[in-house]
Amino acid sequence: ARKARALERAHRRAAEELAGRTVWCVAAARTGAAAAAALQTCLGAVRAEGVAARGAPLRVGEPLTRLIERLDAMLKGGRASPELGPESWEVYVRGMEDSEELIGHRLHAGDVVVLHDPIAGALAQAVRSGGAHAVWRLALEPRRNAAVEAWRFLRLGKPCLDAYVTDWRPAGLAAF
């Protein structure tokens with residue numbers, strides 16, 4: 001009964017906070033697509049209360065897709081592959097420069113864009129410039145050197161996210 005009441009409270013709060021908005025479930029790589037689809041499905045429970053949920057798979061080029069998947073694997077505790085050097089940073093910066101085109105003009109002020117992979121840092125400014133909120137749903141295994149390396153790399157762009165959601169709160173890592 002306690003769990004049912006907690007679920008009902010969460011349902012009501014989500015409906016109140018998100019009413020009249022669209023929640024965009026965005027992923028650029030295969031690694032984030034399942035989580036984006038799962039969130040879109042969960043939000044179906046508050047559709048009747050005026051919350052729209054839309055999937056928005058991003059079409060990015062092969063170099064950026066490979067980098068996003070590599071960073072995602074590193075954040076989740078995978079092995080560090082070749083160093084994240086200047087070439088990697090150039091690919092990521094190009095993603096930031098193309099962010100307006102990637103995110104499109106479908107966003108409205110007040111919308112919530114939940115980004116499900118490391119493309120979040122590159123797209124955050126474009127999302128927020130139109131008055132939408134940028135949230136990164138982040139899977140993180142902070143006890144691995146690869147995760148720390150990926151986190152540092154992503155912070156180079158100084159992403160301006162409104163929030164991030166993770167299963168673990170990083171004590172030893174600086175928040176975005």
Fill in the blank from the handout: Checking D72, L138, L67 against P118 for side chain to side chain contact (heavy atoms under 4.5 Å, CB included), the one that qualifies is D72
Practice task
Find the distance between CG (L84) and CH2 (W89) and round it off to the nearest 0.5 Å.
Solution key: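 CH2 of W89 is found 10.5 Å from CG of L84.
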Which residues share a salt bridge (Lys or Arg N to Asp or Glu O under 4.0 Å) with [X], sequence neighbours left out:
{"X": "R66", "answer": "E62"}
{"X": "R21", "answer": "none"}
{"X": "R12", "answer": "E8"}
{"X": "D117", "answer": "none"}

Side-chain donor-acceptor pairs of residues 35-44 under 3.5 Å, sequence neighbours excluded:
residue, atom, partner, partner atom, Å
Q40, OE1, G55, N, 3.2
T41, OG1, A37, O, 3.0

Work out which heavy atom in [X] is nearest to a heavy atom in [Y]; give both atom names and the distance.
{"X": "A132", "Y": "H108", "value": "CB-O, 4.0 Å"}
{"X": "L154", "Y": "Y92", "value": "CD2-OH, 3.4 Å"}
{"X": "A27", "Y": "A33", "value": "CB-N, 3.7 Å"}
{"X": "M74", "Y": "A146", "value": "CE-O, 3.4 Å"}

Exercise for the section: Sequence neighbours left out, what passes side-chain hydrogen bond (donor to acceptor under 3.5 Å, both in side chains) with S129? Give chain and number order. Expected result: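 Here the qualifying residues are E100.
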Partners passing side chain to side chain contact (heavy atoms under 4.5 Å, CB included) against [X] (at least two apart in sequence or in another chain):
{"X": "E49", "result": "H11, A15, V46"}
{"X": "L7", "result": "none"}
{"X": "R152", "result": "V148"}
{"X": "R54", "result": "T22, W24, A52"}

Counting C-beta onward and ignoring hydrogens, is there a side-chain heavy-atom pair between [X] and [Y] closer than 4.5 Å?
{"X": "V135", "Y": "L161", "result": "no"}
{"X": "V23", "Y": "V51", "result": "yes"}
{"X": "V26", "Y": "V127", "result": "no"}
{"X": "R137", "Y": "L115", "result": "no"}

Problem - Geometric class of the W151/W136 ring pair [parallel <30°, tilted 30-60°, perpendicular >60°] - result: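 W136 and W151: parallel rings.
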Practice task
Any pair with a residue in residues 30-45 that passes salt bridge (Lys or Arg N to Asp or Glu O under 4.0 Å), sequence neighbours left out, goes on the list, sorted by first then second residue, please.
Solution key: R30-E69
Practice task
Give every residue pair that meets the salt bridge (Lys or Arg N to Asp or Glu O under 4.0 Å) criterion with at least one member in residues 122-135, sequence neighbours excluded.
Solution key: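 Sorted pair list: R128-D162.
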Handout entry: CA sep, side-chain torsions, deciding dist, call: V113, H133, side chain to side chain contact (heavy atoms under 4.5 Å, CB included)
Key = CA-CA 6 Å; V113 179; H133 304 284; over 6 Å; no
